[in-house]
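In what follows, chains carry the letters A, B, and so on, assigned in the order in which the sequence lines appear, proteins first and then strands, with residues in each chain numbered from 1.
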Amino acid sequence: MRVTFTVNGSQQTVDDVWEGESLLYVLRERCGLPGSKNACEQGECGSCTVYLDGSPVCACLVAAGQAEGRTVRTVEGLSDTGLDPVQEAFLDAGAVQCGFCTPGLIVQAHDLLERVPDPEDAEIREALAGNLCRCTGYEKILDAVRLAAARRTAK
Amino acid sequence: MRPFAYERATDVRSAVATLSERPDAVYLGGGTNLVDLMRLGVVSPEMLVDVTRVVDATIEESAGGGLLIGAGVRNGDLTADPLVRGRYPVLAQAVLSGASGQIRNMATVGGNLLQRTRCSYFQDTSKPCNKRRPGSGCPAREGDHRNLAILGHSSSCVATHPSDMAVALAALGAVVHVEGRHGPRTVPMPGLHRLPGDEPDRDTVLEPGDLITAVELPELPFATRSRYRKVRDRASFAFAVVSVAAALDVADGVVRDCRIALGGVAPVPWRAELAESALRGAAATAAEFGRAADIELAQARPLRDNGFKVPLARNVLVGVLTDLAEAR
């Protein structure tokens, strides 16, 4: 089947998509956007988090056909110029170990800060509950979100 | 995953007509449970009919003074709705306690009601399971059942219903609007989900072709004083070990009315009708709440490893009702 959708601001038409493919597979293998990661494939780990029509979802659980006509924004599309401030905060806080969970965490944290610019720790933890870091580097990840929030409110 | 056809429904009637003719087809909502189950090989439909663009996705005041929630409303939008949060806080709290932000953003109200049990034997296709393959047996009865049912189970199935939202809806007495091959009808909750008996493969009373189009909340002024409390094995993103949805109407220290449902303890969202009757007219005290909980839980038939759920459910129920009685 053919799937036409908007990815990071530009319209994409992808042909010969098998119905069983996920949005994640289409993004990674057909659109050349490997930022979103393929890990649990069950919606448990959040490594594949992307914006779908403005809300973060697990792209591994979105059937390709469900993306038809919709708007997707991946970690690659957070900033038009260089890095998004959330990405910079993750770098500066050393919140990256193996890096596999990082893109999903960045998209989810990005959404949190769009909605709640100055979140409490409990809000950060709840917002990131669907993102697993198997290196268990959660303290630095929390630091990164706090840093991004602090820089944002300082502006 | 087995090959399947994907169709985008153009309107509700034709979607219902398609599924009424094709028992091998299923509706697709958000897909957060269905896509997962297809990948695990637990279900293998020949066709998915995506109804997310034809089912209503708005929340409006209903003619009866309640709320009409479109079946296509995303769980995340439901938790953010000011009318839901103000009038039925138990529902917003229940939905917010389930899954993760990403899943709630995708999952729909209709799909949430129809999600399947997370019993590990149901999800493991290498194991027998009467719900997945009728007649194959139930290893959970003698096996790993710590988090399975203490109420309403049968010799063929001891699975629990996984939805938090459905527990709140059962407590509130929601009415499910269904479009079927013979037209529209309504199904009250509790009553949508069925006890397993000797047919555990049938989770609900819905017939082939039936499509949930909306959920209606009745007018219930005292539901402004309502609450959902969920006990789980970790602080977030886990299914209920035990949960309680309750609304309480107290005047002069006496319970005028109440609505109570339990989650994580039964194959259906468990409306605690015995506890409710015991409480109407009783003093709003912890002792009376405990007495009502004991009356409800006298029906429990715990398995070898889940007897702890009986006192846990009692404690959570007493705690929630006590908090509601003291709340202003």
I would like to know whether Leu61(A) and Asn33(B) meet side-chain contact (heavy atoms from CB on, under 4.5 Å); could you show each step before the answer? CA-CA 8 Å; Leu61(A) 291 183; Asn33(B) 189 208; over 6 Å; no

Please assess Gln102(B) against Asn131(A) for the test side-chain contact (heavy atoms from CB on, under 4.5 Å), listing each intermediate value before the final yes or no. CA-CA 9 Å; Gln102(B) 291 98 319; Asn131(A) 294 76; 2.8 Å; yes

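Residue Arg70(A) touches chain B through its side chain alone, counting heavy-atom pairs closer than 4.5 Å. Contact annotation for Leu28(B): only side-chain heavy atoms (C-beta onward) come within less than 4.5 Å of a heavy atom of chain A. Interface remark: Ser55(A) contributes backbone and side-chain atoms alike to the contact with chain B (heavy atom separation under 4.5 Å). Leu128(A) does not touch chain B: none of its heavy atoms, backbone or side chain, sits under 4.5 Å away. The contact between Leu40(B) and chain A is made entirely by side chain atoms (from C-beta outward), counting heavy-atom distances below 4.5 Å. Residue Asp50(B) touches chain A through its side chain alone, counting heavy-atom pairs closer than 4.5 Å. Interface remark: Gln108(A) contributes side-chain atoms only to the contact with chain B (heavy atom separation under 4.5 Å). Only the side chain of Arg8(B) comes within contact range of chain A, with heavy atoms under 4.5 Å apart. In this structure, chain A has heavy atoms under 4.5 Å from both the backbone and the side chain of Thr32(B).
A distance-only check finds a donor-acceptor pair linking the side chain of Arg39(B) to the backbone of Glu41(A) [under 3.5 Å].
Among Cys60(A), Ser22(A), Ala64(A), Gly104(A), the residue making the largest number of heavy-atom pairs under 4.5 Å with chain B is Cys60(A). When each of Arg125(A), Glu68(A), Met1(A) is checked for heavy-atom pairs under 4.5 Å with chain B, Glu68(A) comes out on top. Among the candidates Gly46(A), Gly43(A), Ala63(A), the residue making the largest number of heavy-atom pairs closer than 4.5 Å to chain B is Gly43(A). Ranked by heavy-atom pairs under 4.5 Å with chain A, the list Gly76(B), Ala107(B), Ala235(B), Gly30(B) is led by Gly30(B).
With values rounded to the nearest 0.5 angstrom, Tyr6(B) atom OH is found 5.5 Å from Gln66(A) atom CD. How far CG of Asp53(A) is from CG of Asn105(B): 11.0 Å, rounded to the nearest 0.5 Å. To the nearest 0.5 angstrom, Ile103(B) atom CD1 is 7.5 Å from Glu44(A) atom CD.
Other residues, nucleotides and ligands place more than 12 heavy atoms under 6.0 Å from the CD atom of Glu123(A). Dense packing is recorded around CG of Asp121(A), with more than 12 heavy atoms of other residues, nucleotides or ligands lying under 6.0 Å away. Heavy-atom contacts from other residues, nucleotides or ligands closer than 6.0 Å to CZ of Arg134(A) number 12 or fewer.
Of all non-hydrogen atoms in Gly130(A) and Ser100(B), the two that sit nearest each other are CA-CB, 3.5 Å.
Side-chain contact check for Met1(B) versus Trp18(A): some heavy-atom pair is nearer than 4.5 Å.
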